[in-house]
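Chain letters run A, B, ... following the sequence lines, proteins first and then strands; every chain starts at 1. Just so you know, these numbers come straight off a predicted model, no measurement behind them. Quick note: numbers below take in every heavy atom, side chains included, and nothing from hydrogens, waters or symmetry partners.
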Amino acid sequence: MFEKILIANRGEIALRVIRAAREMGIQTVAVHSTADSDAMHVRMADESVCIGPPSGTDSYLSIPAIIAACEVTGAQAIHPGYGFLSENANFVQIVEDHDLAFIGPTAEHIRIMGDKITAKDTMKNLGVPCVPGSDGGVPTLSEAKKLGEEMGYPVIIKATAGGGGRGMKVAQNADEMEHAFMTARSEGKAAFGNDEVYIEKYLTTPRHIEIQVFGDGKGKAVHLGERDCSLQRRHQKVFEEAPGPSITPEERDRIGKVCADAVARINYAGAGTVEFLYENGEFYFIEMNTRLQVEHPVTEAIFGVDLVREQIRVAEGRPMSFTQDDLVINGHAIEVRINAEKLPEFSPRPGTITQFHAPGGLGVRMDSALYDGYKIPPYYDSLIAKLIVHGRDRASALARLNRALSELIVDGVDTTVPLFHALLQEPDIHSGEYNIHWLEHWLETNLQD
Amino acid sequence: MFEKILIANRGEIALRVIRAAREMGIQTVAVHSTADSDAMHVRMADESVCIGPPSGTDSYLSIPAIIAACEVTGAQAIHPGYGFLSENANFVQIVEDHDLAFIGPTAEHIRIMGDKITAKDTMKNLGVPCVPGSDGGVPTLSEAKKLGEEMGYPVIIKATAGGGGRGMKVAQNADEMEHAFMTARSEGKAAFGNDEVYIEKYLTTPRHIEIQVFGDGKGKAVHLGERDCSLQRRHQKVFEEAPGPSITPEERDRIGKVCADAVARINYAGAGTVEFLYENGEFYFIEMNTRLQVEHPVTEAIFGVDLVREQIRVAEGRPMSFTQDDLVINGHAIEVRINAEKLPEFSPRPGTITQFHAPGGLGVRMDSALYDGYKIPPYYDSLIAKLIVHGRDRASALARLNRALSELIVDGVDTTVPLFHALLQEPDIHSGEYNIHWLEHWLETNLQD
Amino acid sequence: MPKNPHDSDVTFIKALAELLNENDLTELQVKRDYGENDSLNVRVSRKQEVAAQIAMPAAAMPAMPAPAAAAPVSGEATSPADDPANNPGAVTSPMVGTVYMQAEPGSPSFVNVGDQVSEGDTLLIVEAMKTMNHIPAPRAGTVKRILIEDGAAVEYGSPLMIIE
Amino acid sequence: MPKNPHDSDVTFIKALAELLNENDLTELQVKRDYGENDSLNVRVSRKQEVAAQIAMPAAAMPAMPAPAAAAPVSGEATSPADDPANNPGAVTSPMVGTVYMQAEPGSPSFVNVGDQVSEGDTLLIVEAMKTMNHIPAPRAGTVKRILIEDGAAVEYGSPLMIIE
């Protein structure tokens with residue numbers, strides 16, 4: 001068992017790991033840039049090491065600095081948090097080469113899931129449902145039409161060499177296929193010098209549903225249900241909940257088992273998230289995140305587990321502390337991400353926190369590295385706090401969120417708190433009827449100056 | 001259903017009720033003395049009414065002021081919190097006479113349980129186990145000895161007219177009976193002019209175990225297990241936990257059912273606590289508190305319920321939202337009471353809070369009316385915060401308590417936080433082996449200057 | 001390395017310390033460089049912003065629903081200086097309740113602005129719990145202002161009138 | 001810290017301590033350099049309680065295990081003005097690692113106090129990830145002080161030497 005671990009991260013997630021380690025009686029080493037000397041994670045850890053200048057590249061992303069910090073402090077294992085080096089297979093390899101433990105999956109699993117095509121092929125072979133599409137290029141219109149009939153309209157025709165939205169056309173039905181097919185080809189030709197196109201089923205109003213899985217690295221794995229993270233702005237999640245308001249227990253059991261079986265078969269170790277688009281009762285694999293997610297606390301709330309503790313256990317080579325049968329959903333949880341950003345542009349607002357007051361009482365959890373007088377540095381992510389509420393059902397969780405937001409004080413910088421106050425006025429939020437486009441739409445119509 | 005309720009209390013418990021009401025969509029009215037104009041409960045409520053000068057007698061205990069505050073604000077119901085008017089049958093009668101609802105039991109139930117002798121008789125008749133003792137005075141030594149044999153030594157001989165420890169003698173065995181009996185009689189005669197004595201079984205190292213009950217006022221009632229509140233200083237609880245480390249599931253079911261049945265038979269409404277001394281597997285009734293307890297959050301944590309919401313529901317005439325079968329224990333919870341007091345004398349320390357920082361993360365709940373700059377007035381109770389932790393088992397709850405205490409910052413006044421840091425070093429606390437005398441003993445030997 | 005300009009340094013620093021005290025400063029910095037360029041660099045500060053922020057947490061709680069200017073509040077200006085309760089002639093309510101300016105509907109008001117009152121004269125009634133409480137003038141004087149209206153709700157300490 | 005404290009230094013410090021007490025100060029800093037440029041640098045401060053707590057939240061977190069003066073910290077005084085890292089002649093570590101003062105055990109140290117060094121001369125080695133990183137002198141000058149010991153752990157920015 002570990003006596004001392006190093007947390008290769010900052011902010012609330014570094015705190016999260018320090019809390020779990022402290023509760024397990026494990027010493028902690030915080031690493032930090034010169035910009036973070038006064039950061040909460042530095043204060044809370046048992047030891048700290050300054051690893052570089054403010055730039056993330058030269059500090060939190062510096063593999064030699066982090067390995068050296070382990071060497072000089074005698075830390076036996078590294079928890080990467082999320083972001084930074086958490087999904088860097090090369091880093092994991094180096095960690096292992098230095099006889100240190102990485103609190104996460106193997107380098108190989110990270111590598112597989114880090115490459116979209118390999119990940120999709122792997123998951124498909126493991127029985128995970130993917131977006132139907134052509135196997136490679138579609139040379140003729142008649143073949144394209146045949147595929148359209150098979151997978152059902154709408155479909156999207158994409159230039160194989162494409163990217164950034166160019167060379168992509170949607171065909172809503174068979175009649176539109178000819179025009180879409182020809183346009184995608186010619187755009188592909190013009191933009192990338194290659195007119196090969198492929199075809200995929202096009203999802204119009206999907207939800208983002210992700211399945212939390214957890215493996216022991218030795219062939220056992222469980223799932224901890226889903227999170228609905230459809231409320232996104234520019235692919236950044238802002239509001240996450242579990243269970244998903246659109247998912248039935250039967251659907252959860254089915255897709256959960258598929259995912260757990262898949263990661264069990266590859267001997268996956270630790271926490272992972274299998275992300276799907278979900279439309280009309282079907283799940284379509286997008287990618288797998290081989291790390292702890294920002295939104296893991298909603299899962300912890302409804303299952304009554306400590307995922308970071310579990311990560312550390314498994315990295316120590318111990319078995320998981322729960323089986324699938326132990327994992328019973330209790331109530332409903334919601335997380336909102338509070339960023340130091342000014343609405344309506346969501347422009348980052350570093351600055352000094354003149355007053356911070358966390359909401360209290362029943363069913364409220366704050367994960368935040370803020371404190372009175374803390375200076376938010378301008379170099380990193382703008383996430384400054386996660387507010388998680390847990391209630392007996394979705395309605396009471398929403399009521400609790402409203403109540404907790406009304407107690408929260410973050411003074412000195414602009415935050416995204418007003419967004420959540422506004423969202424709680426929306427009937428769609430209360431009915432749970434939203435998809436991955438909902439928030440962008442809503443922002444366009446509601447958050448103009 | 002209520003649209004607006006008034007909270008006839010202050011501090012963290014007023015906040016507790018405001019939070020529950022807000023989550024139910026009910027408007028709140030805070031009442032306050034002139035000393036509490038800046039108090040958190042005043043800030044958090046939808047409306048506030050100043051009801052009197054600092055003295056509790058002229059403000060929070062002033063029945064006319066509170067009734068008038070309901071009248072001018074249109075509040076339909078009153079939540080009394082704990083302390084102040086919460087167990088004042090006369091107040092409840094007046095509330096009802098003014099066509100207002102009292103969020104709590106009836107005046108009659110409060111009256112019955114407010115008188116120790118009536119309470120004991122009532123509970124005994126309802127099948128609740130009481131401390132064995134003589135039925136009234138014991139005139140002769142031979143009768144005393146006979147009783148001693150029947151109930152088992154040690155026994156305590158008490159002057160009927162006595163009080164304050166005078167006229168009370170313990171007999172450890174039959175040999176000591178004569179001396180103890182005669183001394184108690186003569187002390188009673190000398191001090192109170194009455195030499196009548198009665199005899200009760202004497203418990204040497206009991207625990208304080210209390211059963212949380214909840215009735216719908218219509219003949220249905222449930223129990224929510226026990227809390228062990230044995231860690232007391234001068235009869236003030238400082239550390240409470242649930243479940244009790246010494247109680248087996250069978251004992252819980254048995255005594256819980258006895259208590260639930262008893263309050264069901266009298267149509268008890270709302271939350272109540274049946275307090276027992278517990279020794280050698282036997283429960284001995286002490287008293288019943290006809291209100292919410294300070295330590296109710298530990299029960300909320302392990303059962304996943306909101307007792308204040310439930311109180312309001314029942315006061316509205318609605319049924320309880322759970323049955324006995326719904327109430328399943330999940331994990332372990334501990335509460336510590338943080339008082340503005342200076343150790344080792346526990347002398348009250350009102351003053352200004354220069355910095356308040358609540359612990360965060362998984363399984364941590366803070367119930368506190370503190371905020372940066374808050375001035376703790378010298379007129380009221382010194383309880384300033386309750387820290388409640390919840391974990392999968394007792395060991396993890398203790399580890400979490402340790403972690404959370406290390407994050408908490410209450411600057412500007414002395415608090416009892418160092419007591420808890422010290423207690424967490426004690427093997428007896430970790431093994432759960434303590435009784436109602438343990439803390440006093442420990443304080444004598446450990447907290448000298 | 002040490003010469004002996006200590007005594008003069010001590011005297012200098014002592015003077016600064018006294019300056020600090022006398023002027024209620026919190027910080028004083030001097031940088032001296034009597035070498036080639038003979039420079040002096042002084043910084044004097046007296047911080048009070050932080051204390052001010054701590055002292056006024058109400059203003060720092062914008063996210064919290066304002067402790068609604070509840071029914072009982074008399075609706076007067078809120079700046080402490082303007083607050084009639086601070087007027088030395090203010091008569092404040094000794095209880096929570098509803099104000100009646102006359103003995104019964106239709107009757108004339110007990111007092112009007114400009115009236116001379118004697119100590120003990122009824123100024124108005126505060127009704128609480130169905131009881132009509134006559135509020136007496138605490139002293140003789142002239143009714144300068146009446147701060148509440150008939151039927152208004154008042155809390156403990158609400159200013160009712162100014163009698164000078 | 002002076003290596004051979006004179007009586008006069010003690011007297012000087014004692015005088016400062018008394019000053020601090022008499023004037024209810026919380027901080028008093030002197031930087032002195034009576035060498036070539038004869039400079040003095042004084043800082044006197046008297047922080048109000050609240051300001052102090054807010055300005056120094058680390059001190060306000062007594063319950064929190066002190067961010068342990070972790071292994072890598074060089075063990076020097078912590079007051080900012082004393083910190084050799086603020087010395088303009090300081091050479092700081094560009095990386096985390098373990099310091100070696102010589103090329104291999106038994107070899108002479110790369111440099112000693114009093115040595116003249118040219119820009120680019122190796123001052124010491126910082127080992128990180130089994131790699132020996134030679135730390136070069138950033139400029140020519142004299143080694144005035146060596147702030148770490150052989151085998152010590154350093155973090156990014158730790159002061160290693162003072163070269164003037």
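Listed by sequence position, A128(C), M129(C), K130(C) are the residues of residues 102-132 of chain C in contact with chain B, using a 4.5 angstrom heavy-atom cutoff.
Here the straight-line distance linking atom OG of S62(B) with atom CE of M95(C) works out to 9.0 Å at 0.5 Å rounding. Rounding to the nearest 0.5 Å gives a distance of 10.5 Å between CD of E47(B) and CD of E155(C).
In this structure, K4(B) places its NZ atom where more than 12 heavy-atom neighbours from other residues, nucleotides or ligands lie under 6.0 Å away. More than 12 heavy atoms of other residues, nucleotides or ligands shown are found within 6.0 angstrom of CD on E164(C). In the displayed structure, E108(B) atom CD is contacted under 6.0 Å by at most 12 heavy atoms of other residues, nucleotides or ligands.
Interface remark: H41(B) contributes no atoms to any contact with chain C (heavy atom separation under 4.5 Å). For a residue to count as touching a neighbouring chain, one of its non-hydrogen atoms must lie under 4.5 Å from one of that chain's; by this rule I66(B) does not touch chain C.
Residue pairs meeting the salt bridge (Lys or Arg N to Asp or Glu O under 4.0 Å) criterion with at least one member in residues 23-34 of chain B, sequence neighbours excluded, are R400(A)-E23(B), R403(A)-E23(B).
Every residue two or more places apart in sequence or in another chain was checked for a ring-ring contact (aromatic ring centres under 6.0 Å, His included) with H98(B), and none qualifies. With sequence neighbours excluded, the residues forming a ring-ring contact (aromatic ring centres under 6.0 Å, His included) with H109(B) are Y268(B), listed by chain and number.
For the residue pair V96(C) and A68(B), the shortest heavy atom distance occurs at O-CB, 3.3 Å. Here the shortest heavy-atom pairing between T34(B) and Y156(C) reads CG2-CE2, 3.5 Å.
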